[in-house]
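Got a structure for you, questions after.
Chain identifiers are assigned alphabetically (A, B, ...) following the order of the sequence lines, protein sequences preceding nucleic acid strands; residue numbering begins at 1 within each chain.
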There are 2 protein chains.
Amino acid sequence: MNSGTSYRQSRQRRRILQLLKETHTHPTVDWMYQQLKPEFPKLSLGTIYRNLSILTEQGLVNKIKSGSTFDRFEANTGTHYHFICESCGCMQDLEMPVRKDLNDEARQFTNFDVQKHQIHFFGLCSDCRSKKTAD
Amino acid sequence: MNSGTSYRQSRQRRRILQLLKETHTHPTVDWMYQQLKPEFPKLSLGTIYRNLSILTEQGLVNKIKSGSTFDRFEANTGTHYHFICESCGCMQDLEMPVRKDLNDEARQFTNFDVQKHQIHFFGLCSDCRSKKTAD
DNA sequence: ATTATATTAATAATCGTTCCGATTACTGTT
DNA sequence: AACAGTAATCGGAACGATTATTAATATAAT
Ligand SMILES: [Mn+2]
Ligand SMILES: [Mn+2]
Ligand SMILES: [Zn+2]
Ligand SMILES: [Zn+2]
């Protein structure tokens, strides 16, 4: 990546972060590429990947292993839970408070040093839900 | 896969299931391949993948998207939570009871049809923990 | 402006997984 | 026991997502 030395600023990286900040859809690399391509006609996928990993390293962005074959990203770096629609695959934030007590509970059942946890809820999003009842 | 018609029996599939039943390490495809290769010298990776997906379809096996670049599998098909060591990457079952009430709680914060959830706990496993204090 | 080097675009390489065609192995029928 | 039908196999090619390489370009400091 960039061992030790300082980072410069680039239009591309600035826009990638900005784009992540103004959306709540947990975008994929490909989606971001499509979005920014008109603006940077010579944009390459490698640039997206490299900058996302720099931004992640800097703590400005979260990489989400969504359970699909591809990763998702978000600028919302605070801990929170996710809902994933099993029909359309969309991923949405849950406002639900984080249950740190679950870590304590987990500790009671092991001798592991449990530090954090992640919850993914699954089901049907509101859109897919109404589509289903419409037949 | 095999639409409608019945499955035959094969030594390979039988052994793949058996192997999964006698281990608790949530094996990767590659590990299973290494294990069974001596027993089936002409074994191919495709055979492991195909049979795991048949067994999964039959509900005898769970595919786990572990958050790594590769998938893991288990014959323990009941719902349960996992602990993942951030140092060595091992994955272990938690005896902790499943909190179905979390689904209800999640429903209060959305209009989604929340059906199930998954929890991954992270930290240091007992082995890595003791290695760390040993310096 | 000159310089040093971080960043880029383009492309090749890698990784885990799925797909394919030719061959082999089951299983039920004559 | 020979046969026919068709799953299951092997080996390798193809695939999609990601990472690595390299020469050209952009950025920031002097
Ligand atoms: Mn989120
Ligand atoms: Mn398990
Ligand atoms: Zn949906
Ligand atoms: Zn460990």
Side-chain angles (χ1 to χ4, degrees), chain A residues 1-20 26-58 60-74 89 91, chain B residues 1-20 26-58 60-74 89 91:
Chain A
M1 187 166 312
N2 180 345
S3 45
T5 51
S6 61
Y7 287 115
R8 280 178 191 167
Q9 199 173 121
S10 80
R11 300 182 206 298
Q12 289 88 336
R13 181 152 70 248
R14 214 177 313 129
R15 277 296 286 130
I16 288 171
L17 180 56
Q18 191 184 3
L19 182 62
L20 274 177
H26 305 85
T28 64
V29 166
D30 201 59
W31 185 87
M32 292 187 249
Y33 180 68
Q34 303 302 333
Q35 293 298 307
L36 298 178
K37 187 70 173 175
E39 195 171 335
F40 302 90
K42 336 187 89 176
L43 184 66
S44 93
L45 268 179
T47 295
I48 308 259
Y49 278 109
R50 182 172 22 77
N51 281 311
L52 282 172
S53 100
I54 290 173
L55 290 167
T56 299
E57 188 197 41
Q58 295 178 326
L60 298 170
V61 160
N62 270 348
K63 176 194 263 197
I64 311 171
K65 301 274 180 175
S66 58
S68 311
T69 55
F70 46 81
D71 296 334
R72 292 180 175 278
F73 294 84
E74 65 180 341
M91 171 180 267
Chain B
M1 187 163 314
N2 180 345
S3 47
T5 51
S6 61
Y7 288 114
R8 283 181 191 163
Q9 201 174 98
S10 82
R11 300 182 207 298
Q12 289 88 336
R13 182 154 69 247
R14 216 177 310 128
R15 278 295 286 129
I16 288 171
L17 181 55
Q18 192 184 1
L19 183 62
L20 273 178
H26 306 83
T28 63
V29 166
D30 200 61
W31 184 88
M32 292 187 248
Y33 181 68
Q34 303 302 333
Q35 293 297 307
L36 298 178
K37 188 69 173 174
E39 196 172 329
F40 303 90
K42 338 184 89 180
L43 183 65
S44 94
L45 268 179
T47 297
I48 308 257
Y49 277 108
R50 182 169 24 75
N51 280 311
L52 282 173
S53 101
I54 290 174
L55 290 166
T56 299
E57 188 197 40
Q58 294 177 327
L60 299 169
V61 160
N62 269 350
K63 176 194 262 197
I64 311 172
K65 302 273 181 174
S66 57
S68 312
T69 54
F70 45 80
D71 296 335
R72 293 179 174 278
F73 293 85
E74 65 180 341
M91 171 179 267

*asked:* Without decimals, in angstroms, what is the distance between A/R13 CZ and D/dA28 P?
replied: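 Rounding to the nearest Å, CZ of A/R13 and P of D/dA28 are 10 Å apart.
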
Q: May I have the distance from B/K42 (atom NZ) to D/dG12 (atom P), rounded to whole angstrom?
A: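 Taking NZ of B/K42 and P of D/dG12, I get 12 Å after rounding.
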
Between C/dA6 (P) and A/E57 (CD): distance, integer Å:
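For the pair A/E57 CD and C/dA6 P, the rounded distance is 13 Å.
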
query: Starting at CD1 of B/I48 and ending at C1' of D/dA8, how long is that distance when rounded to a whole Å?
result: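 Between C1' of D/dA8 and CD1 of B/I48: 14 Å.
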
Check: Given atom CD1 of A/I64 and atom P of D/dT18, what is their separation to the nearest angstrom?
Finding: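 Atom CD1 in A/I64 sits about 13 Å away from atom P in D/dT18.
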
| field | Under 3.5 Å donor-acceptor, B/R13 side chain and B/R50 backbone | value |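 Side chain of B/R13 to backbone of B/R50: no pair is present.
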
When the distance from CD1 of A/I54 to P of C/dT5 is rounded to whole Å, what number comes out?
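These atoms are roughly 18 Å apart.
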
Residues A/M91, A/S66; criterion side chain to side chain contact (heavy atoms under 4.5 Å, CB included); working and verdict:
CA-CA 8 Å; A/M91 171 180 267; A/S66 58; 3.9 Å; yes

key: B/E74 side chain near B/I64 side chain, heavy-atom distance below 4.5 Å   =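 Yes, at least one pair of side-chain atoms sits under 4.5 Å.
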
- Go through B/L20 and B/L60 one step at a time and tell me if the side chain to side chain contact (heavy atoms under 4.5 Å, CB included) criterion holds. CA-CA 10 Å; B/L20 273 178; B/L60 299 169; over 6 Å; no

field: Non-neighbouring partners of A/Q35 that pass side chain to side chain donor-acceptor pair (under 3.5 Å), sequence neighbours left out
entry: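 In terms of side chain to side chain donor-acceptor pair (under 3.5 Å), with neighbours along the sequence ignored, A/Q35 is linked to no residue.
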
Problem - Exercise: identify the closest heavy-atom pair between B/I16 and B/I48 - result: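 The answer is CD1-CA, 3.9 Å.
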
The contact string for nucleotides 25-30 of chain C, one letter per nucleotide 5' to 3', using protein heavy atoms under 4.0 Å with B, S and - for base, sugar-phosphate only and none, comes out as BBS---

Protein heavy-atom contacts under 4.0 Å, written 5' to 3' over nucleotides 11-24 of chain C as B (base), S (sugar-phosphate only) or - (none), form the string -----SBB------

Check: Do B/D30 and B/F70 have side-chain heavy atoms sitting under 4.5 Å apart?
Finding: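 No - every pair of side-chain heavy atoms lies 4.5 Å or more apart.
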
Practice problem: Could you tell me whether the side chain of A/V29 reaches within less than 4.5 Å of the side chain of A/D71, counting heavy atoms only? | Solution: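 Of all side-chain heavy-atom pairs linking A/V29 with A/D71, none is under 4.5 Å.
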
* May I have the distance from B/K37 (atom NZ) to D/dC10 (atom P), rounded to whole angstrom? =>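 Rounded to the whole Å, the gap is 8 Å.
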
Quiz prompt | Residues that B/Q18 engages under side chain to side chain donor-acceptor pair (under 3.5 Å), provided they are two or more places apart | solution =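 Per chain and number, B/Q18 pairs via side chain to side chain donor-acceptor pair (under 3.5 Å) with B/R15.
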
Checklist entry - Can you name the residues that form a salt bridge (Lys or Arg N to Asp or Glu O under 4.0 Å) with A/R72, not counting sequence neighbours? => result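 With sequence neighbours excluded, A/R72 shows a salt bridge (Lys or Arg N to Asp or Glu O under 4.0 Å) to no residue whatsoever.
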
Is B/Q12 close enough to D/dT9 that one of its side-chain N or O atoms is under 4.0 Å from OP1 or OP2 there?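 Yes, because at least one side-chain N or O of B/Q12 sits under 4.0 Å from OP1 or OP2 of D/dT9.
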
Using C1' atoms of five pairs at each end, report the bend of the helix from C/dA1-D/dT30 to C/dT30-D/dA1 rounded to 10 degrees.
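Roughly 20° between the end axes, to the nearest 10°.
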
Under 3.5 Å, is there a donor-acceptor pair between the side chain of A/K63 and the main chain of A/S53?
->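 Checking the backbone N and O of A/S53 against the side chain of A/K63, no donor-acceptor pair under 3.5 Å is found.
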
Q | Euclidean distance, atom OH of residue A/Y33 to atom C1' of D/dT19 [Å, nearest integer] | A |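 Going from OH in A/Y33 over to C1' in D/dT19 covers 16 Å.
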
